[in-house]
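Working notes, beginning with the structure itself.
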Amino acid sequence: MEIERVQAIAFSSLSEGTIPPEFIRSEKEQPAITTFHGYVPQVPTIDFSDPDEANLTRLIAEASMEWGIFQIVNHGIPFHVITSLQKVGREFFELSPEEKELYAKPPDSKSIEGYGTKLQKEVEGKKAWVDHLFHKVWPPSAINYHFWPKTPPSYRDANEEYTKCLRGVADRLFSRLSLGLGLDEDELKKSVGGDELTYLLKINYYPPCPRPDLALGVVAHTDMSSITMLVPNEVQGLQVFRDDHWFDVKYIPNALVIHIGDQLEILSNGKYKSVLHRTTVNKEMTRMSWPVFLEPPPELAIGPLSKLINEENPPKYKEKKYCDYVYCKLNKIPQ
């Protein structure tokens, strides 16, 4: 059965000024009703070039405990590396449908790699206004180049250069996050797989939507991974849930958006918070984002770290293999 891509649905919907009913969210989810429009507290912005390592550790730990999300500026990834990543991703989604389908996720695949539309079990049959491309970018042993577009020709170089830069930022983040919990600086990274940690890139493509008041690009969720490191384009869309309200996350040029994921919440026994977030869409403009999910190896069992547990602070989470955690989450099975 041929899957209809959102990009094609958007094209026909714009001329009609409506969207198919399966994209219309319930009133408790519709952005026009649920987005907060008063004073908007700002997600913390952290200068990653701060020479005061103790201060940097404190700021990152506080943001991870109170928000579960922060933006880092002066992270050291050159501007041209980020713009190249964005350019080749945009060019892939501008290819003809036939060319994009060459990279489609095989229907019987257990992996999520490939070009696709549906990602997880859809609640009440409602669909998200997004197409995506998933593929692993690190380590080399995990990469399947079948899912890396051959067009544009510079796609591979741009992604490899970005990944090389991103890994340095990730290692420094992990060390700050470890120290913020009073652990050795290599402890958290080791606990999520060390050198076997997988970097999974997703390109989200949210085409213009004639009724952005009714639809969502991605429904409310927390990320399954340990950390997510995300580059957005300039079109507003990311929202976080805080104090019972949905707030827009302000776009900062050349910043990296960092999400704490479920595995760090589990390892920290709830000290670090996995952020609940969603994506809205735009009537005139295409929104895109490039999250990289830092995922533990599938067979690695993850639970609260023993050093963070005592009688006053008993474990709040079960230990579980990452592959089992993912299966439950994607199929909406209680953990």
Side-chain angles (χ1 to χ4, degrees), residues 28-29 31 34-36 40-46 48 56-73 75 119-120 128 130 132 166 169-170 173-174 176-178 180-181 188 191-192 197 199-202 204 206 216-232 236-252 255-281 287 289-296 302 304 316-317 322 325-326 328-330 332 335:
K28 65 179 188 290
E29 288 184 294
T34 57
T35 299
F36 187 71
V40 176
Q42 290 304 317
V43 165
T45 301
I46 297 171
F48 213 52
L56 186 61
T57 297
R58 180 183 61 79
L59 291 172
I60 287 172
E62 283 176 0
S64 302
M65 290 175 188
E66 293 169 18
W67 282 85
I69 184 172
F70 50 95
Q71 303 203 56
I72 56 174
V73 295
H75 41 67
L119 178 57
Q120 58 186 9
V130 63
H132 59 250
L166 194 69
V169 179
L173 258 181
F174 270 123
R176 299 302 105 200
L177 287 161
S178 280
L181 293 170
L188 276 184
S191 301
V192 291
L197 189 67
Y199 285 58
L200 176 68
L201 171 77
K202 182 187 186 194
N204 288 308
Y206 309 98
L216 284 173
V218 173
V219 69
H221 67 289
T222 59
D223 290 346
M224 300 180 282
S225 54
S226 60
I227 302 174
T228 304
M229 306 172 75
L230 178 144
V231 169
Q236 181 62 51
L238 180 60
Q239 293 190 331
V240 296
F241 193 72
R242 182 176 168 86
D243 303 328
D244 295 323
H245 291 103
W246 283 105
F247 295 105
D248 287 326
V249 176
K250 182 181 161 195
Y251 168 70
I252 299 173
L256 282 178
V257 184
I258 309 298
H259 298 185
I260 299 298
D262 296 348
Q263 305 314 307
L264 279 201
E265 180 171 317
I266 292 165
L267 284 165
S268 69
N269 203 34
K271 279 194 168 179
Y272 290 157
K273 301 289 184 282
S274 188
V275 62
L276 185 64
H277 58 288
R278 70 180 187 185
T279 305
T280 59
V281 291
R287 182 171 190 271
S289 66
W290 288 258
V292 175
F293 305 99
L294 276 54
E295 297 201 322
I302 292 182
K316 297 175 182 165
Y317 308 88
Y322 184 63
Y325 187 90
V326 169
C328 291
K329 183 123 178 181
L330 290 178
K332 304 283 192 285
Q335 296 281 358

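Just so you know, these numbers come straight off a predicted model, no measurement behind them.
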Evaluation steps, side chain to side chain contact (heavy atoms under 4.5 Å, CB included), between Leu188 and Leu181: CA-CA 9 Å; Leu188 276 184; Leu181 293 170; 4.2 Å; yes
Indicate yes or no for a side-chain donor-acceptor contact from [X] to the backbone of [Y] under 3.5 Å, with no hydrogens or angles considered.
| X | Y | value |
| --- | --- | --- |
| His277 | Ala220 | no |
| Gln236 | Lys250 | no |
| Tyr272 | Leu177 | yes |
| Thr279 | Gly237 | no |

[X] to [Y] - nearest heavy-atom pair and separation:
| X | Y | value |
| --- | --- | --- |
| Arg287 | Thr280 | CD-O, 4.2 Å |
| Ala255 | Pro232 | O-CD, 4.3 Å |
| His221 | Val219 | ND1-O, 2.9 Å |
| Ala128 | Gly217 | CB-O, 3.0 Å |
| Trp67 | Val275 | O-CG2, 3.7 Å |
| Leu267 | Ser191 | CD2-CB, 3.8 Å |

Given side chain to side chain contact (heavy atoms under 4.5 Å, CB included), test Leu238 with Ser289 step by step and report yes or no. CA-CA 9 Å; Leu238 180 60; Ser289 66; over 6 Å; no
Hey, what do you get for [atom1] ([X]) to [atom2] ([Y]), rounding to the nearest 0.5 Å?
| X | Y | atom1 | atom2 | value |
| --- | --- | --- | --- | --- |
| Ile46 | Gln71 | CD1 | CD | 10.0 Å |
| Ile266 | Tyr325 | CD1 | OH | 4.5 Å |
| Lys316 | Lys271 | NZ | NZ | 9.0 Å |
| Leu173 | Ile258 | CG | CD1 | 5.0 Å |
| Ile302 | Glu265 | CD1 | CD | 13.0 Å |
| Asp223 | Gln263 | CG | CD | 10.5 Å |

Set of side chain to side chain contact (heavy atoms under 4.5 Å, CB included) partners for Thr222, sequence neighbours left out: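 Here the qualifying residues are Asp262, Ser274, Leu276, Lys329.
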Arg176: which residues meet the side chain to side chain contact (heavy atoms under 4.5 Å, CB included) condition with it, sequence neighbours left out?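 Glu53, Leu56, Thr57, Ile60, Leu179, Glu185.
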Answer yes if the side chains of Tyr317 and Gln335 hold a donor-acceptor pair under 3.5 Å, and no otherwise.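 No - no donor-acceptor pair under 3.5 Å links their side chains.
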Between Tyr322 and Glu295: side-chain donor-acceptor atoms closer than 3.5 Å: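 A donor-acceptor contact under 3.5 Å links the two side chains.
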Show your working on side chain to side chain contact (heavy atoms under 4.5 Å, CB included) between Leu230 and Trp290 and close with a plain yes or no. CA-CA 5 Å; Leu230 178 144; Trp290 288 258; over 6 Å; no
Who pairs with Thr34 by side chain to side chain donor-acceptor pair (under 3.5 Å), at least two apart in sequence or on another chain?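 Scan of Thr34 (side chain to side chain donor-acceptor pair (under 3.5 Å), adjacent residues dropped) gives Arg278.
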Applying side chain to side chain donor-acceptor pair (under 3.5 Å), name anything that partners Ser225, two or more places apart in sequence or on another chain.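 Partners of Ser225 under the side chain to side chain donor-acceptor pair (under 3.5 Å) test: Thr228.
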Could you pull out all residues at least two apart from Glu62 that satisfy salt bridge (Lys or Arg N to Asp or Glu O under 4.0 Å)?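 Testing Glu62 for salt bridge (Lys or Arg N to Asp or Glu O under 4.0 Å), a comparison that skips the adjacent residues, returns Arg58.
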Between Phe36 and Trp246, does the ring centre distance come in under 6.0 Å?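 Centroid distance Phe36-Trp246: not below 6.0 Å, so no.
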Would you check if [X] and [Y] make a side-chain contact, meaning some heavy-atom pair closer than 4.5 Å?
| X | Y | value |
| --- | --- | --- |
| Met224 | Leu330 | yes |
| Leu197 | Phe174 | yes |
| Val231 | Leu256 | yes |
| Asn204 | Pro291 | yes |
| Phe48 | Val73 | no |

Contacts of Phe293 that satisfy ring-ring contact (aromatic ring centres under 6.0 Å, His included) - sequence neighbours left out: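 By the ring-ring contact (aromatic ring centres under 6.0 Å, His included) rule, Phe293 matches no residue at all.
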